[in-house]
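Contents: one structure, followed by commentary.
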Amino acid sequence: MGKYLLKRTLNYVVLLFIAVTIVYFLAASQLNPINQVYDIQNADQSFDSALRVLEERNLSPETPLLDRYWTWLQGVFQWDWGYEPSGGVVTEKIAAKIWISVRLVVVGSTVGTVIGVVGGAWTATRQYKMSDRLFTLWSFIMISTPVFVSAVMLQILAIQFNRRTGWNWFEFIGETGRHGDMWISPYLDRLQHLLLPTISLALPQIAFYSRYQRNLMLDTLNADYVRTAQAKGLRRRKAVFKHALRTALIPTGTLFAFQIATLFVGATFTETIFGWHGMGEYFIQSLIGQDVHATVAVAAFAGVCVIGGAILSEIFVVALDPRVRVS
Amino acid sequence: MAETPSPITDGAEAGYGESERRGVAAHEVAEHEHHEVAATGDDPPEARLSRRRLLWRRFRRNRMAMVGLVLLTLWVLLAVFGPIVFNDYHYRELTSDIRQSPSRNHWAGTTQNGRDLFAMAMEGMRKSFLVGLAVGLGSTTISAVVGSFAGYFSGWLDKVVLWVIDLLLVLPAFLIIAIVVNNTGSAGGGIALLIVLLAGLGWMLSARVVRSLTQSVRDREYITAAKYMGVSGPRIVFRHIIPNISSLLIIDATLAIGAAVLAETGLSFFGFGIRPPNVSLGSLIGDGSRQASTFPWIFYAGAVPLVWLILAINFIGDGLRDALDPMSKSGGSA
């Protein structure tokens with residue numbers, strides 16, 4: 001088991017290295033940061049001086065691509081992801097932004113997954129009843145609504161609600177804002193700002209996991225061992241929770257681990273729409289700003305998420321499911 | 001990355017995978033044998049339901065799937081014939097009506113440049129339809145061919161394919177497409193490039209499912225028989241394996257269309273996909289989202305057709321799955 005995981009992890013590290021290298025060459029050859037430094041309006045600045053600034057930041061198109069890559073790679077091994085064209089340090093920016101994304105995603109996905117799993121298990125026990133049908137219809141609509149539509153819809157609804165009630169119940173820009181000076185105010189303010197983005201992240205999660213869990217539960221609810229448990233005198237509720245739901249949770253756990261990357265990527269939309277300055281927003285900004293080093297760093301982060309999720313789901317399968325044995 | 005992959009396709013691959021895959025594989029085989037019997041049997045053809053008739057009957061029984069079919073038909077009709085029938089305004093035409101809310105003259109309102117949003121929405125639907133169809137078919141073809149070849153010819157080919165799939169999964173597709181498309185200008189070539197990139201970076205997960213299905217079919221008698229009759233490997237794959245996993249491929253292609261449309265609109269939302277003066281549903285939504293509190297109809301003009309399409313596709317995909325999978329209880333008895 002340990003050896004197997006080690007081997008997989010090594011393989012993934014190699015994959016990550018190759019992937020990041022490909023992204024570097026693509027970004028460095030396609031993005032053109034000169035306009036971020038060179039200011040046509042500024043008569044004092046010559047084109048050469050702009051080039052020299054880029055040269056210092058290892059971004060100059062005059063330097064051969066391979067040389068730039070080598071310099072950059074040496075930096076990365078000392079945990080230095082290079083400079084932005086404007087002179088910012090990518091490593092510092094990312095260190096701050098990762099936590100913003102994590103705060104957003106952890107809360108949203110936990111809420112979404114838990115409600116989704118419970119909802120799915122509940123509707124499975126009520127198959128084809130009215131509540132099941134309504135919930136199914138709702139989750140279909142929700143699954144079919146991309147985040148960038150549902151998030152904006154939430155904003156529109158929140159604005160109308162605020163207007164009707166005459167008080168700012170919902171805040172939808174940024175992580176913090178102005179607040180009163182009671183000791184509790186800063187926390188309330190954070191909660192207020194967290195509310196809408198969390199809902200927008202959680203809704204599709206609820207819809208998706210409830211569908212998924214419902215299908216799994218339908219399989220296990222009719223399984224022989226659940227019937228046996230009931231025949232031996234266990235209450236229906238206990239049989240469902242202890243025997244059916246527990247088995248049906250294994251694939252959900254695996255899937256959740258597998259989806260970690262998708263969560264962060266999906267948060268790109270949420271962050272942009274709600275003005276959170278996390279990794280997703282940084283990715284969009286770096287592309288618009290022709291920022292080679294930031295782009296590659298974000299790509300590396302996305303790659304680490306994919307790999308982390310894959311390894312986690314492999315551990316989950318082996319640890320939770322006694323039927324799986326790795327040779 | 002953010003092709004915001006249809007969670008349904010993802011689900012089929014990731015966790016639930018093993019048991020479900022085996023289930024599908026088993027029924028595929030059963031189906032094939034059924035097929036053989038039907039072909040060689042002496043029954044008059046009208047005594048039995050043809051496979052197609054049977055599937056249609058099962059599909060029709062699913063009310064949501066039928067609703068989806070109607071929704072999709074209406075959507076496609078509006079996308080294809082809409083601009084010809086409702087031709088009061090061209091989508092690039094600048095009228096003097098600035099930022100008007102929906103009215104009898106402008107059914108969906110106008111933008112800040114006075115462009116008619118109804119015409120723009122129909123144009124966006126055309127673009128999305130084109131991209132979705134091309135990418136859906138393209139990526140399903142790639143995954144069918146690559147997955148079945150890897151599964152049938154195990155050994156080094158299989159290893160290479162698996163490694164490439166892993167690599168492409170680690171590469172953030174969204175970012176790569178954004179970089180490449182962003183720097184090639186907004187001309188018509190942009191859409192062709194977008195289609196190629198989306199198809200080329202969107203086939204991996206379903207290729208893995210195809211591969212494991214192929215492996216479960218590979219050692220069946222009819223494959224061995226074909227092999228000993230001297231049929232070449234590639235021919236076996238195309239004549240015997242791919243037709244026998246076709247129901248998976250049909251479901252997959254349907255959902256891949258939805259995923260492709262979402263990927264395209266997601267890119268265009270940020271301005272990385274289809275860009276002005278071309279119109280996509282994504283760029284309409286992106287434009288509208290910045291003015292959603294004051295002029296929400298710009299947002300609705302993009303959002304309504306998009307959700308309409310994806311909902312129809314998901315309904316149909318679910319119905320197809322029920323109809324094609326004899327294990328499924330909701331499909332009914334025959």
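Each chain gets a letter, A, B and so on, in the order its sequence line appears, and its residues count up from 1. What you see below is based on every heavy atom in this structure, not just the backbone, and it leaves out hydrogens, waters and symmetry mates.
Options A/Val306, A/Val149, A/Ile141 differ in how many heavy-atom pairs under 4.5 Å they form with chain B, and the most are formed by A/Val149. Between chain A and the residues B/Phe269, B/Phe315, B/Phe270, B/Phe272, the largest count of heavy-atom pairs under 4.5 Å involves B/Phe270. Counting heavy-atom pairs closer than 4.5 Å to chain B, the top residue among A/Ala299, A/Ala27, A/Pro204, A/Gly303 is A/Ala299. Between chain A and the options B/Leu309, B/Leu168, B/Asp166, B/Ile313, the largest number of non-hydrogen pairs under 4.5 Å is found for B/Asp166.
For the residue pair A/Glu281/A/Thr268, the side-chain donor-acceptor check at 3.5 Å is not satisfied. A donor atom on one side chain and an acceptor atom on the other are not found under 3.5 Å apart for A/Gln127 and A/Thr123.
Side-chain atoms of A/Thr254 come within 3.5 Å of backbone atoms of A/Ile250 as a donor-acceptor pair (strictly under, hydrogens ignored).
Within the 4.5 angstrom heavy-atom criterion, no atom of B/Trp308 approaches chain A. Only the side chain of A/Arg163 comes within contact range of chain B, judged by heavy atoms closer than 4.5 Å. Contact annotation for A/Thr145: both backbone and side-chain heavy atoms come within less than 4.5 Å of a heavy atom of chain B. Neither the backbone nor the side chain of A/Thr252 comes within contact range of chain B, judged by heavy atoms closer than 4.5 Å. The parts of B/Leu311 that come within reach of chain A are both its backbone and its side chain, each placing non-hydrogen atoms under 4.5 angstrom from that chain.
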Does the pair A/Glu271 and A/Tyr282 meet the rule for a side-chain contact (heavy atoms from CB on, under 4.5 Å), with working shown? CA-CA 9 Å; A/Glu271 282 173 15; A/Tyr282 193 43; over 6 Å; no
Stepwise, does the salt bridge (Lys or Arg N to Asp or Glu O under 4.0 Å) test hold for A/Asp219 with A/Arg214? CA-CA 9 Å; A/Asp219 285 346; A/Arg214 179 178 173 274; over 6 Å; no
Name each donor-acceptor pair under 3.5 Å that joins a side chain in residues 10-23 of chain A to protein atoms two or more places apart or in another chain, with its distance.
| residue | atom | partner | partner atom | Å |
| --- | --- | --- | --- | --- |
| A/Tyr12 | OH | A/Arg8 | NH2 | 3.2 |
| A/Thr21 | OG1 | A/Phe17 | O | 2.8 |
| A/Thr21 | OG1 | A/Tyr69 | OH | 2.9 |

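Qualifying ring pair (Phe, Tyr, Trp, His ring centres under 6.0 Å) partners for B/Phe129, counting only residues two or more places apart in sequence or in other chains: none.
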